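All figures in this text were calculated on a predicted structure; none of them were measured in a lab. Position 1 is the first residue of the sequence; numbering continues from there.
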Amino acid sequence: MMNRIESPAALKAAQAKYQAALAAETRRVLICTGTGCLASGGLKIYEALQRKLNAMGIPCEVQLDGEHEGETVGVRKTGCHGLCEFGPMLRIEPENWVYIRVREEDVDEIVERTLQGGEFIDRLGYRQGGQICRAHDDIPFYQKQTRRVLEHCDKIDAESLEDYLAMGGYSAVSKALFEMSSDEIIQAITDSGIRGRGGAGFPMGKKWAQVAAHDDPVKYIVCNGDEGDPGAFMDRSCMEDDPHRLLEGMIVAGIATGATEGYIYVRAEYPTAVSRLTKAIEQAEAAGLLGDDILGSGKSFHIHINCGAGAFVCGEGSALTASIEGNRGMPRTKPPRTVDKGLFEKPTCLNNVETLASVSGIIENGADWYRSLGTETSSGTKAFALAGNVVNTGLIEVPMGITLREVVYDIGGGIKNGKKFKAVQIGGPSGGCLTEEHMDIPLDFDSLKKVGAIIGSGGLVVMDEDACMVNIAQFFMNFICEESCGKCTPCREGTTRMNEILTRITKGEGKMSDIDELKDLAEMIKTSSLCGLGKTAPNPVLSTLKNFGEEYVEHIRDKHCRCGVCKDLASYHITDKCIGCTRCAKNCPVGAISGSLRQKHNIDPSKCIKCGTCLAGCPVNAIKEG
């Protein structure tokens, strides 16, 4: 076990010790064990590689204890490498080679041909446009990214304090304790221009200053890790891949504001994050970096983990603090604000995971360093979960102000299967829909607000030409309707009514007056809901009505879904390409298809249940929708 670190000098000595041990590793194999790669076998590959090296008598360093003499091969189970769809992934240093979709049976070949023979195995390499990209930096997915918050995720063992120290970890805590006053810390955060990454974009320095201004001896730092947006996993990756970075940001926040207690509110559906955070807290406390008398300074800060039950509304600040207190997670009216009366009625600084994980870099490198990326009013970087119909799905971090076109085509590799781009749902259920006309606007807080969208926590769901936007709006409204806490009538009843109307439209039962009713309901919910989640709930409907209004009209007036997604509006017919093979008739579950062998068949629309079995099974593509 690591000795307790009781001074800045001792911290620097520990960092130097582990940096030297890291430098002694002649080769390093970094195996992704983020949630995605764990699910596809990343841990099995890590264990198999360790067994193989040990069996061959090759010195293998899996824990950076700093005591091993001589050159070794470092084997680390790291966090997310980003290219989630291509896992399990691993990277080999110093060549920086990347292997994708690695299987356990590939391990022997990797050791013998790559680690011993210095040879790249082409079949395990990433390909784009027919070309093999061997090195990490040659892969287009990474070329326009700048990892700051996620910089350690694919480099260190998430469960190793030693690895974090080797990267200079906890230097920001030491600097905040011994070289800066509280005012100087808050000023650095303010000058950096960082705004909350949880969605609202509130200036972080202003929030810290408001909490610090209170004379109350009891204050709290609360980290919002309740990442509820469908398709979002940025905060989860930060927590499970680099937990000490989050702890360090919370400690600095405590030093700056005068708080001595912190809570991490993380949803119970993130067991890996909970496990690794728990271990990180234990390690930091044992090493004297957290708890009482941090680094011998006489100052204390304690961190607790609170697991939420998965209520979307608990992403809202007052609902979150109510849940930590043991009450039902429901928002309250404001003022008072959380900074004045938050957790247990005390001044509370509430930031999300990514925001707090940015703190150490600002304190160590300065405000100008942070401002060197991003835009004038949206500085720094932003992590996004890139999902949907793109070639490269996964976790990305880019400078604020990058365009949607760069994200979708340069990083995402374009639309799958040669389809056309249609839209991006940004910011989760409460976000908005961006279309082709928005491809070149900067992705920053203010530019998106002008077009009726928000960054939110950072979900990006890309849709191709086959996506029905009415169906998409109904999907998100159904989610919001189910997740409404029910406290205020506008959100509880308004979202239910909007969901009923959208469902009716997708079933071909809509009326033209429904469009005006949707707009009226949306305006009412936005202006009169109690919390921010309710006020943004209509965004998916409003943005799809604005950008794809013709699809609503087609669903209502023509009883037609151009994408064939809304099955109640689908109709099937057999074209002259039919060869009379009878396969469709045999497969039809309700006997709606008739015809003789080698003769064109017909579908009886009165019997057809629109299941699509005939469409999927036709060998000559003779069955069409519409």
| Steps toward side chain to side chain contact (heavy atoms under 4.5 Å, CB included) verdict (I194, Y370) | CA-CA 8 Å; I194 183 173; Y370 190 79; 3.6 Å; yes
Enumerate donor-acceptor pairs with a distance under 3.5 Å from any side-chain N or O in residues 304-311 to protein atoms, sequence neighbours excluded.
unit_1 : atom_1 : unit_2 : atom_2 : d
H304   : NE2    : E261   : OE1    : 2.5

- Query: Between the main-chain N or O of N224 and the side-chain N or O of N352, is there a donor-acceptor pair closer than 3.5 Å?
  - Reply: no
In short, C314 meets S323 closest at the heavy-atom pair SG-CB, 4.0 Å
When every non-hydrogen atom of A166 is compared with those of L22, the smallest separation belongs to CB-CD2, 4.2 Å
query = Are any of the side-chain nitrogens in K52 or E104 under 4.0 Å away from the carboxylate oxygens of its partner?
reply = no
d(C133 SG, I139 CD1) to nearest 0.5 Å is 6.0 Å
L11 and Y170 have their tightest heavy-atom pair at CD2-O, 3.4 Å
message: We want to know whether D292 and H302 form a side-chain donor-acceptor pair, criterion being a heavy-atom distance below 3.5 angstrom.
response: yes
Item to complete: Determine yes or no for a side-chain-to-main-chain donor-acceptor pair under 3.5 angstrom, with R371 supplying the side chain and D191 the backbone.
Response: yes
Practice task
Test side chain to side chain contact (heavy atoms under 4.5 Å, CB included) on Y164 and Y18 and set out the steps.
Solution key: CA-CA 9 Å; Y164 187 68; Y18 297 118; over 6 Å; no
Here the ring-ring contact (aromatic ring centres under 6.0 Å, His included) pairs for residues 387-411, sequence neighbours left out, are none
| message | Determine whether a donor-acceptor pair (N or O, by modelled atom type, separation under 3.5 Å) exists between the side chain of S360 and the backbone of G249. | response | no
Tell me, yes or no, whether the heavy-atom count around K12 atom NZ, taken from other residues, nucleotides or ligands under 6.0 Å, exceeds 12. no
side-chain contact (heavy atoms from CB on, under 4.5 Å) test vs V102 passes for just one of L90, I121, I31, namely L90
Checklist entry - Under 6.0 Å from the CD atom of Q131, do we count more than 12 heavy atoms belonging to anything else shown? => result no
Regarding E397 and T381, is there a side-chain donor-to-acceptor distance under 3.5 Å anywhere?
yes
- Item | Under-4.0 Å salt bridge between K279 and E159 | yes
- Is the backbone N or O of V462 less than 3.5 Å from a side-chain atom of Q425, with the two atoms forming a donor-acceptor pair by type? no
Problem - Salt-bridge present (K382, E354; N to O < 4.0 Å) - result: yes
Checklist entry - Between T278 and V274, is there a donor-acceptor pair closer than 3.5 Å when you use the side chain of the first and the backbone of the second? => result yes
Over-ring placement of K144 relative to Y142, 6.0 Å and 45° cut-offs = no
Taking every heavy atom of H81 against every heavy atom of L30, the minimum-distance pair comes out as CE1-O, 3.2 Å
Between A383 and L150, the two heavy atoms sitting closest are CB-CD1, 4.3 Å
Does K416 NZ have over 12 foreign heavy atoms under 6.0 Å away? yes
Original post:
Given the side-chain rings of F312 and F479, with only the six-membered ring counted for Trp, is the space between their centroids under 6.0 Å?
Top reply: yes
Less than 4.0 angstrom from a charged side-chain N to a carboxylate O is my criterion; do D106 and R103 meet it?
yes
Check: So, are R113 and E109 salt-bridged, with charged N and O less than 4.0 Å apart?
Finding: yes
Nearest heavy-atom contact between I294 and S300 is CD1-C, 4.2 Å
The residue among D154, D157, D163 that forms side-chain hydrogen bond (donor to acceptor under 3.5 Å, both in side chains) with R76 is D163
Using a 3.5 Å distance criterion without hydrogens, assess whether the side chain of S379 forms a donor-acceptor pair with backbone atoms of S192.
yes
### Message
Assess, by modelled atom type and distance only, whether the side chains of H136 and N96 contain a donor and an acceptor separated by less than 3.5 Å.
### Response
no
Between R134 and D122 (salt bridge meaning N to carboxylate O under 4.0 Å), is one present in this structure?
yes
Exercise for the section: Mark yes or no for whether E248, through its side chain, and A172, through its backbone, hold a donor-acceptor pair below 3.5 Å. Expected result: yes
Only residue of E227, R236, E240 satisfying side-chain hydrogen bond (donor to acceptor under 3.5 Å, both in side chains) with Y270 is E227
Contacts of E95 meeting salt bridge (charged side-chain N to carboxylate O under 4.0 Å, His left out) (sequence neighbours excluded), chain-then-number -> R27
Check your understanding: Would you say the side-chain atoms of E316 pair up with the backbone N or O of A319, donor to acceptor, closer than 3.5 Å?
Key -> yes
For the residue pair I426 and L443, establish whether any side-chain heavy-atom pair is separated by less than 4.5 Å. yes
Is there a donor-acceptor contact under 3.5 Å from the side chain of T33 to the main chain of T78? yes
Can F120 and Y99 be said to form a ring pair (Phe, Tyr, Trp, His ring centres under 6.0 Å), step by step?
-> CA-CA 9 Å; F120 185 87; Y99 286 157; 5.1 Å; yes
Q | Salt bridge present between K44 and E47 (N-O < 4.0 angstrom) | A | no
